[in-house]
Amino acid sequence: MSIVVTGATGQLGRLIIESLLSRGVPADQIVAVGRDTDRLADLAGRGVVTQLADYDDAESLQAAFAGAEKLMFVSGSEVGRRVVQHGNVVTAAKEAGVEQVVYTSIAKADTSSLVLAAEHKATEQLIRDSGLPYVFLRNSWYLENYTAQLPTYLQHGVAGAADDGRVSAATRADYAEAAAAVLTTEGHTNKAYELGAAPFTLTDLATEISRQTGTAVSYIDLPVDKYTELLVAAGVPEGYAAVLADGDRGLAQGELEVGDDLAKLLGRTPTTLAEAVRAAL
């Protein structure tokens with residue numbers, strides 16, 4: 001079984017490869033694809049096949065996918081360009097005769113109103129239209145989106161525009177392990193999994209940080225436009241700030257709260273908010 005993993009130089013792609021190896025997939029049956037093979041050198045040293053490819057370069061993708069049975073398609077990071085880039089990936093996969101495409105999408109991609117969801121919804125449709133057998137891994141937020149901000153939270157509190165909406169955030173490692181499970185077991189063809197851990201509100205986040213650190217941290221809820229302004233004032237580029245604030249708008253409306261598909265794929269309880277905060281301190 002040959003498994004090609006795109007985005008292998010990114011955090012999620014790398015973790016998926018590590019999960020495949022830990023599940024016993026022979027290194028020489030894994031192809032790590034990225035734009036910088038120097039960053040894949042350590043994987044090559046462990047026997048993983050490495051390939052240089054770029055979502056903007058159709059020929060490089062065709063070469064990377066040649067002979068692949070399964071394609072772990074990690075979505076691109078260039079918001080606004082992903083539909084064209086992802087189209088290149090889907091076309092290359094079709095031409096290579098890939099037997100299954102596993103795509104990292106976003107929670108409730110087919111119904112979500114989030115700005116970030118539009119390109120994922122379009123990509124899912126591209127994959128369906130191609131006729132390729134698929135699995136959609138619709139990931140909610142990363143817990144690391146929050147734990148990486150612990151120093152800021154401890155100093156200024158948790159700010160957002162999420163009201164009392166709940167987010168089923170999970171760790172990258174848990175999403176990666178679920179992806180590896182799908183790639184190495186049967187019965188997933190043409191399914192969409194809504195993935196996330198136990199849901200929490202941003203007030204719950206502030207409370208958990210307070211409990212574990214002994215520092216009083218509160219959640220400050222703002223209108224979407226005011227939260228955007230706050231992010232811009234903190235140095236976040238305006239366009240990205242608007243996307244982040246829109247994410248909280250969707251969070252408030254329940255668009256990032258999902259069920260227990262992740263736990264079922266993992267065969268265990270996903271990492272909890274409390275465990276993630278403890279690990280980040």
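The model shown is predicted, which means the values in this text are computed figures rather than measured ones.
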**Q** Do Leu244 and Val158 share a hydrophobic cluster, counting only Ile, Leu, Val, Met, Phe, Trp and Tyr and linking them when any side-chain heavy atoms are less than 4.5 Å apart?
**A** no

**Q** Does any part of the side chain of Leu222, heavy atoms only, come nearer than 4.5 Å to the side chain of Leu230, both counted from C-beta?
**A** yes

**Q** Return yes if some donor-acceptor pair links the side-chain N/O of Ser60 with the main-chain N/O of Asp57 below 3.5 Å, else return no.
**A** yes

**Q** If you count the non-hydrogen atoms of other residues, nucleotides and ligands that lie under 6.0 Å from CD in Gln125, is the total more than 12?
**A**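 Check passes, neighbour count above 12.
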
**Q** Yes or no on side-chain contact (heavy atoms from CB on, under 4.5 Å) for Leu43 and Leu40, after CA distance, side-chain angles and deciding distance?
**A** CA-CA 5 Å; Leu43 288 174; Leu40 300 174; 4.1 Å; yes

**Q** Are the side chain of Arg138 and the backbone N or O of Ser105 linked by a donor-acceptor pair below 3.5 Å?
**A** no

**Q** I'd like to know if the side chain of Lys108 reaches the main chain of Gly254, judged simply by a donor and an acceptor atom lying under 3.5 Å from each other, with no hydrogens or angles considered.
**A** yes

**Q** Check whether any side-chain heavy atom of Ile220 lies under 4.5 Å from a side-chain heavy atom of His156, and answer yes or no.
**A** no

**Q** Apply side-chain contact (heavy atoms from CB on, under 4.5 Å) to the pair Val182 and Leu137, showing each step before the final yes or no.
**A** CA-CA 9 Å; Val182 165; Leu137 304 179; 4.1 Å; yes

**Q** Taking C-beta and beyond as the side chain, do Arg39 and Asp36 meet within less than 4.5 Å on heavy atoms?
**A** yes

**Q** How about Phe136 and His120: are their ring centres within less than 6.0 Å of each other?
**A** no

**Q** Should we count CD of Glu275 as having more than 12 external heavy atoms under 6.0 Å?
**A** yes

**Q** Could you check Tyr55 against Thr6 for side-chain contact (heavy atoms from CB on, under 4.5 Å), going step by step and ending with a plain yes or no?
**A** CA-CA 9 Å; Tyr55 288 169; Thr6 70; 2.7 Å; yes

**Q** At what distance, to the nearest 0.5 angstrom, does CZ of Phe200 lie from OG of Ser168?
**A**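 Interatomic distance, Phe200 CZ to Ser168 OG, rounded to 0.5 Å: 8.5 Å.
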
**Q** When you check the gap from the basic side-chain N to the acidic O, do Asp204 and Arg166 get nearer than 4.0 Å?
**A** no

**Q** Starting at OG1 of Thr171, measure out to OH of Tyr142 and round the result to the nearest 0.5 Å.
**A** 10.0 Å

**Q** Quick one: pull up CG in Asp174 and OG in Ser19 and give me the separation to the nearest 0.5 Å.
**A**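 Here the interatomic distance stands at 9.0 Å.
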
**Q** Hey, what do you get for CG (Leu256) to CG (Leu114), rounding to the nearest 0.5 Å?
**A**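 Between atom CG of Leu256 and atom CG of Leu114 there are 5.5 Å.
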
**Q** Is a side-chain donor or acceptor of Lys70 paired with a backbone partner of Gln100 at a separation under 3.5 angstrom?
**A** no

**Q** Under the 3.5 angstrom rule, does the side chain of Tyr175 hit a backbone N or O of Trp141 as a donor-acceptor pair?
**A** yes

**Q** With a 6.0 Å cut-off on ring centres, are Tyr146 and Tyr153 close enough?
**A** no

**Q** Apply side-chain hydrogen bond (donor to acceptor under 3.5 Å, both in side chains) to residues Ser113 and Glu255 and explain how you reach the verdict.
**A** CA-CA 8 Å; Ser113 69; Glu255 297 193 21; 2.7 Å; yes

**Q** Say whether, by atom type as modelled, one donor and one acceptor occur between the side chain of Asn88 and the main chain of Ala58 under 3.5 angstrom.
**A** no

**Q** Taking 4.0 angstrom as the limit, do Arg211 and Glu208 come out as a salt bridge?
**A** yes

**Q** Hey, quick one: are Ile16 and Val4 part of the same hydrophobic cluster, counting side-chain heavy atoms closer than 4.5 Å, chains of contacts allowed?
**A**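 Different hydrophobic clusters.
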
**Q** Give a yes or no on whether a salt bridge exists between Arg268 and Glu177, defined as a side-chain N under 4.0 angstrom from a carboxylate O.
**A**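 A salt bridge links Arg268 with Glu177.
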
**Q** Under a 4.0 Å N-O cut-off, is there an ion pair linking Glu78 with Arg35?
**A** yes

**Q** If only atom types and distance count, is the side chain of Asn190 paired as donor or acceptor with the main-chain N or O of Pro133 below 3.5 Å?
**A**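 A pair under 3.5 Å: no.
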
**Q** Is there a path of hydrophobic side-chain contacts, each under 4.5 Å between heavy atoms of I, L, V, M, F, W or Y residues, that connects Met72 with Val89?
**A**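 Shared cluster, no.
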
**Q** Could you state whether Val25 and Leu15 fall into the same hydrophobic cluster, counting links through intermediate Ile, Leu, Val, Met, Phe, Trp or Tyr residues with side-chain heavy atoms under 4.5 angstrom apart?
**A**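 As far as the 4.5 Å side-chain criterion goes, Leu15 and Val25 are not connected within one cluster.
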
**Q** Donor-acceptor pair, Asp163 side chain versus Ala252 backbone, under 3.5 Å?
**A**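 Such a contact is absent between Asp163 side chain and Ala252 backbone.
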
**Q** Just wondering, do Val224 and Thr228 contact through their side chains at under 4.5 Å, heavy atoms?
**A** yes

**Q** Verify side-chain contact (heavy atoms from CB on, under 4.5 Å) between Leu116 and Val79, making sure each step is shown before the conclusion.
**A** CA-CA 8 Å; Leu116 280 177; Val79 177; 3.9 Å; yes

**Q** From Asn139 CG over to Leu12 CG, what is the distance, rounded to the nearest 0.5 angstrom?
**A**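 So the CG of Asn139 and the CG of Leu12 are separated by 7.0 Å.
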
**Q** So do Leu20 and Val5 actually touch side chain to side chain, heavy atoms under 4.5 Å?
**A**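 A side-chain contact under 4.5 Å exists here.
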
**Q** Would you call Asp56 and Arg81 a salt bridge, taking side-chain N to carboxylate O under 4.0 Å as the test?
**A** yes

**Q** Please answer whether the main-chain N or O of Ser75 pairs with a side-chain N or O of Thr104 as donor and acceptor at a distance below 3.5 Å.
**A**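 Yes, because the side chain of Thr104 sits within donor-acceptor range (under 3.5 Å) of the backbone of Ser75.
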
**Q** Counting C-beta onward and ignoring hydrogens, is there a side-chain heavy-atom pair between Tyr193 and His188 closer than 4.5 Å?
**A**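 Yes; the side chains approach each other to less than 4.5 Å.
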
**Q** Could you give the distance from CD1 (Ile209) to CG (Leu281), rounded to the nearest 0.5 Å?
**A**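 The CD1 atom of Ile209 sits 8.0 Å away from the CG atom of Leu281.
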
**Q** Checking the side chain of Gln11 only, and the main-chain atoms of Arg172 only, is there a donor and an acceptor separated by less than 3.5 Å?
**A**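 Absent.
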
**Q** Between Tyr103 and His86, what is the ring plane arrangement, given parallel below 30°, perpendicular above 60°, and tilted in between?
**A**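 The arrangement is perpendicular - the two ring planes meet at more than 60°.
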
**Q** May I ask whether Val102 and Leu266 are part of the same hydrophobic cluster, defined by side-chain heavy atoms of I, L, V, M, F, W, Y residues being less than 4.5 angstrom apart, directly or through others?
**A**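 Yes, same cluster.
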
**Q** What I want to check is whether the side chains of Tyr219 and Asp221 have a donor and an acceptor closer together than 3.5 Å.
**A**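 A donor-acceptor contact under 3.5 Å links the two side chains.
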
